[in-house]
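The structure presented is a predicted model; accordingly, all values stated were derived computationally and were not measured.
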Amino acid sequence: MSGRPPLRSLLFIPGDSEKKLAKVDGCGADAVILDLEDAVAPANKPAARRLVAEFLAARPREGRSPQIWVRVNPFDTGLTLEDLAAVAGGAPDGIMQPKTDGPADVARLSHYLDAFEAASGTAAGSTGIIPVATETARAPFHLGAFATAGLARLAGLTWGAEDLAAAVGASTNRGADGEWAFTYKMARSLCLLAAHAAGVPAIETLHADFRDEEGLRASCRAARSEGFTGRLAIHPAQVAAINESFLPSEAEIAFARRVQAAFAAAPGTGTVGLDGKMLDIPHLKAAQRVLAQAEAFGVG
Ligand code: COA
Ligand code: MG
């Protein structure tokens with residue numbers, strides 16, 4: 001969705017927890033995702049819908065910081081429409097759609113939002129959608145189709161390993177080395193490629209061990225270096241590390257400026273030398289991306 005600042009950190013908050021909802025202001029996240037899905041027990045769904053609706057109603061409808069997103073229940077639960085009916089009038093910045101099979105599910109949700117926006121006087125098309133695009137066995141096969149699906153609401157793609165493991169009857173999603181097992185690495189890479197193919201941000205999955213700041217920072221750095229631009233969080237203690245990790249560093253910004261200057265000094269040239277190394281157009285594009293990120297977040 002154009003016109004929105006990029007999201008580095010997206011903090012999940014169970015929609016039925018008044019105490020945790022009270023932590024939104026000052027949590028530092030770029031977005032919060034008020035959850036109506038798996039963080040809420042079935043008996044609490046109606047109460048969670050009410051709380052989330054009240055929460056949205058008490059806030060301005062535009063320019064919110066953090067952005068307020070809602071994770072709804074997937075279609076096969078039969079709960080999606082009730083979730084949307086409860087919260088859409090509050091004009092959430094976007095809807096996170098879990099267990100998405102592919103672009104057709106996002107298109108269906110988008111049609112629902114067309115109707116809810118019209119009914120509640122919310123600007124048409126203003127509600128974004130981020131699907132969790134690897135949580136079913138079918139989903140990875142449809143990732144490439146996001147690029148040509150023409151989904152104007154698509155605001156990013158993210159992936160999840162827990163539900164995918166459950167979907168395939170796996171007893172673990174980790175290898176003996178503690179890293180993601182092959183299936184999940186593949187799903188993650190396909191999500192990364194699909195997001196870039198579709199021209200939307202790739203959002204890394206959560207780091208479940210919320211006391212492990214060192215591991216979180218290391219895996220955020222790895223994700224950023226691979227092309228992810230933000231990450232899901234489950235605990236407020238993770239937000240600062242995520243925000244910092246997904247900003248370009250001073251050294252990266254300084255190098256990007258030098259790369260840009262080297263190309264500017266040689267107009268019409270596709271290859272330049274810098275510090276004894278060859279640079280060509282992909283290096284210039286990478287430098288421009290770093291500088292655009294720095295400008296978006298006002299750093300450097
Ligand atoms: N959002 C807002 N506040 C949160 C929070 C969250 N996601 N997670 C924890 N907090 C608050 C706690 O309420 C607690 O507040 P207090 O100091 O006023 O008591 C404080 O942060 C410290 O929490 P802590 O005791 O470290 O964690 P916990 O045991 O209370 O909660 C979890 C652990 C995992 C249950 C909790 O972090 C959580 O609910 N995470 C989100 C889960 C979710 O939405 N999952 C869906 C996507 S997978
Ligand atoms: Mg899940």
Side-chain angles (χ1 to χ4, degrees), residues 1 3-15 17 20-35 37-39 52 55-56 59 63-71 92-98 127-134 154-162 188 191-192 195-196 200-250 252-253 289-290 292-300:
M1 305 281 296
R4 290 162 184 275
L7 301 174
R8 295 164 300 172
S9 52
L10 303 92
L11 172 64
F12 275 114
I13 303 186
S17 170
K20 287 174 187 161
L21 285 168
K23 300 260 156 68
V24 167
D25 292 312
C27 74
D30 292 332
V32 291
I33 307 167
L34 311 185
D35 192 25
E37 199 217 4
D38 286 349
V52 170
F55 185 89
L56 282 163
R59 308 222 147 206
R64 299 185 189 108
S65 180
Q67 290 187 16
I68 314 287
W69 286 61
V70 178
R71 184 169 76 168
D93 291 279
I95 300 295
M96 176 162 279
Q97 187 181 33
T127 317
I129 300 176
I130 297 178
V132 191
T134 68
L154 194 69
L157 288 180
T158 190
W159 73 286
E162 304 307 327
R188 176 176 178 274
C191 174
L192 172 70
H196 286 276
V200 298
I203 300 166
E204 172 66 302
T205 199
L206 54 92
H207 188 71
D209 183 354
F210 57 81
R211 309 251 183 256
D212 170 30
E213 186 179 329
E214 206 179 308
L216 172 65
R217 281 184 187 272
S219 64
C220 286
R221 275 195 298 275
R224 177 163 184 276
S225 70
E226 289 174 81
F228 289 92
T229 53
R231 184 161 202 174
L232 304 177
I234 49 161
H235 191 285
Q238 296 183 312
V239 169
I242 293 176
N243 284 348
E244 286 163 31
S245 302
F246 284 95
L247 276 183
S249 69
E250 278 175 32
E252 281 173 321
I253 295 168
R289 194 172 307 127
V290 167
Q293 282 175 1
E295 195 184 328
F297 287 105
V299 294

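Expressed to the nearest 0.5 Å, how far CZ of R289 lies from OG1 of T229 amounts to 10.0 Å. Note: I242 CD1 to L11 CG = 8.5 Å, rounded to the nearest 0.5 Å. Here CZ of F55 is found 4.5 Å from CD1 of I68. Values are rounded to the nearest 0.5 Å. One distance of note links CZ of R71 with CD1 of I33; it measures 7.5 Å at 0.5 Å rounding. The structure places NE2 of H235 at 11.0 Å from CG of D209, a figure rounded to the nearest 0.5 Å. L10 CG to I234 CD1: the interatomic distance, rounded to the nearest 0.5 Å, is 13.5 Å.
In this structure, the side chains of L232 and F12 come closer than 4.5 Å at one or more pairs of heavy atoms. No side-chain heavy atom of L157 sits under 4.5 Å from any side-chain heavy atom of T134. Using a 4.5 Å heavy-atom cutoff, the side chains of Q293 and F246 are not in contact. The shortest distance between side-chain heavy atoms of W69 and V32 does not fall below 4.5 Å. Using a 4.5 Å heavy-atom threshold, the side chains of D30 and P66 count as separate. Side-chain contact between I130 and Q97 is absent, with no heavy-atom pair separated by less than 4.5 Å. Using a 4.5 Å cut-off on side-chain heavy atoms (C-beta onward), L21 and L34 make contact. Under the 4.5 Å side-chain criterion, counting only non-hydrogen atoms from C-beta, Q67 is in contact with L7.
Taking every heavy atom of both residues into account, P92 and L56 meet most closely at CA-CD2, 4.0 Å. The two atoms that bring G227 and A202 nearest to each other are O-CB, 4.1 Å, heavy atoms only. Between G215 and D212, the shortest heavy-atom contact is N-OD1, 2.9 Å. Across all their heavy atoms, L154 and P131 have their closest contact at CD1-CD, 3.5 Å. Taking both residues in full, the closest heavy atoms of N243 and G28 are given as ND2-O, 2.9 Å, listed atom of the first, atom of the second, then distance.
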Exercise. Apply side-chain contact (heavy atoms from CB on, under 4.5 Å) to the pair V24 and R59, showing each step before the final yes or no.
Key: CA-CA 11 Å; V24 167; R59 308 222 147 206; 4.1 Å; yes

Exercise. Mind running salt bridge (Lys or Arg N to Asp or Glu O under 4.0 Å) on K20 and D35 for me, showing each step along the way?
Key: CA-CA 11 Å; K20 287 174 187 161; D35 192 25; over 6 Å; no

Practice problem: Apply side-chain contact (heavy atoms from CB on, under 4.5 Å) to T127 and I129, showing your working. | Solution: CA-CA 7 Å; T127 317; I129 300 176; over 6 Å; no

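The main-chain N or O of H207 is found under 3.5 Å from a side-chain atom of Q238 such that the two form a donor-acceptor pair. T158 places a side-chain N or O within 3.5 Å of a backbone atom of I203 that can act as its donor or acceptor partner. In this structure, S225 contributes its side chain and A222 its backbone to a donor-acceptor pair below 3.5 Å.
For R64, the side chain to side chain donor-acceptor pair (under 3.5 Å) criterion is met by D93, not counting sequence neighbours. Looking at residues two or more places apart in sequence or on another chain, you find no side chain to side chain donor-acceptor pair (under 3.5 Å) involving S245.
For residues 222-246, every residue pair satisfying the salt bridge (Lys or Arg N to Asp or Glu O under 4.0 Å) rule, not counting sequence neighbours, is listed here: R188-E226, R217-E244, R224-E252.
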